[in-house]
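In what follows, every chain begins at residue 1, and chains take the letters A, B, ... in the order their sequences are listed. What you are looking at is a predicted structure, and each value in this text was computed from that prediction instead of being measured.
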Amino acid sequence: MKNALVAKILYEVADLLELEGVPFKPRAYRRAARAIEDCPTPIEDLAAEGRLTEIAGVGEAIAQKVAEIVATGKLAYHEELKAKLPVELRALTQVEGIGPKTARLLYEELGIRNLADLERAAAEGRIRSVKGLGEKTEQKIRRGLAETRGAEKRLLLGRAWPLARHLVEQLMATGLYRHVEPAGSLRRGKETVGDLDLLAVSDRPDEAMRAFCSLPDVAEVLAQGPKRSSIRLSDGFQVDLRLVPANAFGAALQYFTGSKEHNIRLRERAAARGWKLSEYGLTSADGEVLAGEDEAGIYRALGLAYIPPELREDRGEIAASEAGTLPELVDARRVRCDLHVHTDSSDGEATLLAMARAAAERGLRAIAITDHLRFAQAIPGLSADDLRRQIEEVRRRNETAGLTLLTGVEANIARDGTVDVPRDLLKDLDLVIASVHTHLRLGRKEMTDRLLRAVEDEGVDILGHPTGRLIGERPPCEADWDEVFRRAAKTGTALEVNAHPQRLDLGAELIRRAIGFGARLAIGTDAHDVGHLDFLEFGVITARRGWATAEHILNTLPVEDLLAARKRGR
DNA sequence: GCCGTTTTCGGCCCGACTGTTTTCAGTCG
């Protein structure tokens, strides 16, 4: 599968053309690169069959270049461009304030090729000497460099939502706003959020902007205008606030929710009808307002079914909307049980009783108690006897807990794929999760075999946090996921959507693939304390981003049906 | 370089803010 390689080279060609100031081509190359990246068929197969131009965005010229990359592993055109402008555009444009034009200028005037060159020039005060740049630009670049050096700035979804809710509360408390609503990648439910976009309506805009820029936690005001302001909080996180007229709130919400690619598609669609779409509304050629007050109206006017924010990534949602084949995404209200909960019997912080009460308070109908089995001396976990006792306790508490408690366990998948669950207890366990916890860096083949063995195990109902990733810390393990999903679907093994903000595992793209193979999903918070039960919503959001409907998810079933639908119930 | 409810040629998303400019280019989202 050479799709990733081909995409990488095409993206670089796009960058280099942009650096040269070539118009339009960069976009064409990026579009083709993205389509190839997303394409589930190996690009070399399409090339062999002469079907490259069937990919949207790939015409004759790019098809030829793709064929060359498939055949030789590189592209002469790409090498030529690199030789002409040996500039690491990607790295340089990551610095706030530097775009392709400035990068080119810096290369021609100062010979700057990469971040190290840039850093030296900034430190020596040479940037201000370039015509068109000045002292402020140099300062901005210095600050930008410091930020780029600073570690991962993106915030986990599970931390960004509470922060956003807090800010909204603070702003509303000033009495200067009619309403304030988060947009951007947060509203789309991306697993990490780079900055926060807030949208507001105010009858006293000047005061409202001042209030925003002087919130207690503001470290720096990056920009302040009558319509848009940007602040940086003391923890380095950037928040933008936009004031919009009430009659254009829907258009603004649509626009600022993005994604950028999705919006470009919508605007093209509007343009094809001779209309114009902006954050102020959808207008016809003669200026008549066709939509703007509510978001759904924009889609309706463009002949589209409403597209939920989680799908707005330009990954086929617009075509599906037009064709009326958008999935009816799972609704958070349908997910009223948590299938992965720990207690202090293993490495959790709270007692079984405390977890049960907290879950009942949150309106959950059922939780599965799934503590670790002891698989290594150093890690807290249950012995077979401990598990036997816990099963008794779960059954006892069940009568007074105010919700259904399911017996369960999170077993470990050993390096060879065997699962350590005590077989004589299987009949007493409502739910068996099996997860990988160690040896996550195996080669693709070995890891695939290992996961397949666990999936085929008749005692395993759910494959827990399948890829083992920790967002921002540990990459997903390598495996032939298509094969894992195919076998999971065939055996009835559910795939976990681990809702812990640092895991979100499976992630959205793999979820979409998994349900494409007909696999079932099981959402669990992996709660190790009572507060973690709130993570459930992030699991639901992630499932929605993966185009999942209620039918794909075990949690949406009443308990008896759930038990019948799990693998060992079939 | 791609593509077609404006088109096989001539388009290609739109607006706010900043800085370095004397009227606008570049960047960002």
Side-chain angles (χ1 to χ4, degrees), chain A residues 10 13-14 17-35 52-66 77 89 92-106 127-141 143-144 183-186 188 193-199 209 221-230 238-245 248 251-252 254-283 285 302-303 314 322:
Chain A
L10 295 182
V13 169
L17 289 171
E18 185 138 67
L19 206 53
E20 289 200 355
V22 178
F24 309 119
K25 288 193 192 184
R27 203 185 136 196
Y29 276 96
R30 280 199 190 106
R31 193 165 163 229
R34 178 136 191 240
L52 288 172
T53 53
E54 287 177 20
I55 300 173
V58 177
E60 284 306 321
I62 291 186
Q64 259 182 32
K65 293 184 172 74
V66 171
Y77 180 55
L89 186 67
L92 290 176
T93 52
Q94 262 174 16
V95 177
E96 170 120 32
I98 296 188
K101 294 283 166 31
T102 308
R104 171 107 198 245
L105 190 63
L106 288 170
I127 290 172
R128 69 183 73 180
S129 67
V130 177
K131 191 169 185 310
L133 307 180
E135 202 163 328
K136 289 220 172 173
T137 306
E138 184 172 285
Q139 274 172 19
K140 193 173 180 187
I141 288 175
R143 276 203 307 271
S185 51
L186 179 74
R188 300 202 311 280
V193 177
D195 58 15
L196 220 53
D197 289 300
L198 299 178
L199 219 57
M209 269 310 184
V221 178
L222 300 169
Q224 183 171 2
K227 297 185 171 175
R228 177 174 79 82
S229 295
S230 288
Q238 185 178 327
V239 184
D240 294 351
L241 178 76
R242 290 171 166 92
L243 291 181
V244 302
Q254 193 292 312
Y255 178 76
F256 290 113
T257 296
S259 66
K260 190 179 167 196
E261 291 76 15
H262 175 88
N263 284 355
I264 288 175
R265 293 303 188 160
L266 283 195
R267 286 177 177 219
E268 284 173 351
R269 197 176 169 88
R273 288 162 169 69
W275 303 338
K276 196 176 68 166
L277 176 62
S278 78
E279 58 265 51
Y280 296 108
L282 179 67
T283 49
L302 288 169
D314 187 25
E322 184 166 30

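- As a whole-Å value, the separation of A/F256 CZ from B/dG15 P is 11 Å.
- A/L92 places none of its side-chain heavy atoms less than 4.5 Å from the side chain of A/T102.
- Residue A/Y255 places no side-chain atom within donor-acceptor reach of the base of B/dG15, judged by atom type and a 3.5 Å distance cut-off alone.
- Nearest heavy atom pair, residue A/P26 against residue A/P23, reads CD-C, 4.0 Å.
- Separating the CZ atom of A/R128 from the C1' atom of B/dG19 is a distance of 15 Å, rounded to the nearest angstrom.
- Considering only the side chain of A/Y280, B/dG15 comes nearest among B/dC13, B/dG15, B/dG1.
- Across all strands, A/A271 comes closer than 4.0 Å to base atoms (heavy-atom distances).
- Residues of residues 257-266 of chain A that place a heavy atom closer than 4.0 Å to DNA chain B, in numerical order, are A/K260, A/I264.
- For the pair A/L222 CG and B/dC17 P, the interatomic distance rounds to 14 Å; values are reported in whole Å.
- Rounded to a whole Å, the NZ atom of A/K101 is 18 Å from the P atom of B/dT20.
- Here the C1' atom of nucleotide B/dG11 and the CZ atom of A/R273 are 18 Å apart, to the nearest Å.
- Across B/dC12, B/dG29, B/dC17, the shortest atom-to-atom separation from the side chain of A/A223 is found for B/dC17.
- The nucleotide whose nearest atom lies closest to any side-chain atom of A/D240 is, among B/dG15, B/dC3, B/dG29, B/dG29.
- Stacking between A/F24 and the base of B/dC2 is absent under the criterion of ring centres within 5.5 Å and planes under 30 degrees.
- Only A/A56, A/G57, A/V58, A/G59, A/E60, A/A61, A/I62, listed by number, bring a heavy atom of residues 54-64 of chain A to less than 4.0 angstrom from any atom of DNA chain B.
- Here the CG-CZ distance, from A/L17 to A/R30, works out to 9.0 Å after rounding to the nearest 0.5 Å.
- Comparing B/dC13, B/dT18, B/dG29 by their closest approach to the side chain of A/R267 singles out B/dC13.
- At most 12 heavy atoms of other shown residues, nucleotides or ligands fall within 6.0 angstrom of atom CD in A/Q64.
- If you take atom P in B/dG11 and the same atom in B/dG19, they sit 35 Å apart, rounded to whole Å.
- Of the inter-residue distances, the one linking A/K131 atom NZ with A/L105 atom CG reads 10.0 Å to the nearest 0.5 angstrom.
- Separating the C1' atom of B/dA16 from that of B/dC12 is a span of 22 Å, rounded to the nearest Å.
- The shortest side-chain heavy-atom distance between A/H262 and A/R265 does not fall under the 4.5 Å cut-off.
- To the nearest 0.5 angstrom, A/I55 atom CD1 is 10.5 Å from A/I62 atom CD1.
- Look at A/K276 and you'll find a side-chain N or O under 4.0 angstrom from OP1 or OP2 of B/dG15.
- Comparing the C1' positions of B/dG10 and B/dG15 gives an interatomic distance of 24 Å, to the nearest angstrom.
- Of the candidate nucleotides B/dG15, B/dC12, B/dA16, B/dA16 has the atom lying nearest to any side-chain atom of A/R228.
- Atom CG in A/L266 sits 12.0 Å away from atom OH in A/Y255 (nearest 0.5 Å).
- For the P atoms, the distance linking B/dG1 with B/dT5 amounts to 23 Å, nearest Å.
- Using C1' as the reference atom, B/dT22 and B/dT18 are 16 Å apart when rounded to the nearest Å.
- B/dT27 and B/dT20 have their P atoms separated by 13 Å, given to the nearest Å.
- Between A/R31 and A/V130, the residue anchored closer to the 5' end of DNA chain B is A/R31, taking for each the nucleotide with the nearest heavy atom.
- Comparing B/dC17 with B/dC13, their P atoms are spaced 23 Å from each other, to the whole Å.
- Taking the side chain of A/T102 as heavy atoms from C-beta on, and the options B/dC14, B/dC12, B/dT27, the nearest nucleotide is B/dT27.
- With distances taken from any side-chain atom of A/T137 to the nucleotides B/dT20, B/dC14, B/dG15, the minimum falls on B/dT20.
- Heavy atoms of A/K65 sit under 4.0 angstrom from primed sugar atoms or phosphate atoms, though from no base atom.
- The partner of B/dT8 is absent, by the rule that a Watson-Crick or G-U pair needs both atom distances under 3.5 Å.
- Nucleic acid contact for A/K136: sugar-phosphate only, since backbone atoms but no base atoms lie under 4.0 Å from a heavy atom of the residue.
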task: Output, in order, the C-alpha distance, side-chain angles, deciding distance and verdict of side chain to side chain contact (heavy atoms under 4.5 Å, CB included) for A/K227 and A/E279.
output: CA-CA 12 Å; A/K227 297 185 171 175; A/E279 58 265 51; over 6 Å; no
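- Backbone-only engagement by A/P226 is indicated by non-hydrogen atom pairs under 4.0 Å involving sugar-phosphate atoms exclusively.
- Rounding to the nearest 0.5 Å places OG1 of A/T93 at 8.0 Å from CD of A/E18.
- Toward the 5′ end of DNA chain B lies the nearest nucleotide of A/L133, the other residue of the pair A/L133 and A/G99 mapping further downstream.
- Contact between the side-chain N/O atoms of A/R269 and the OP1/OP2 oxygens of B/dC13 is not found at any separation under 4.0 Å.
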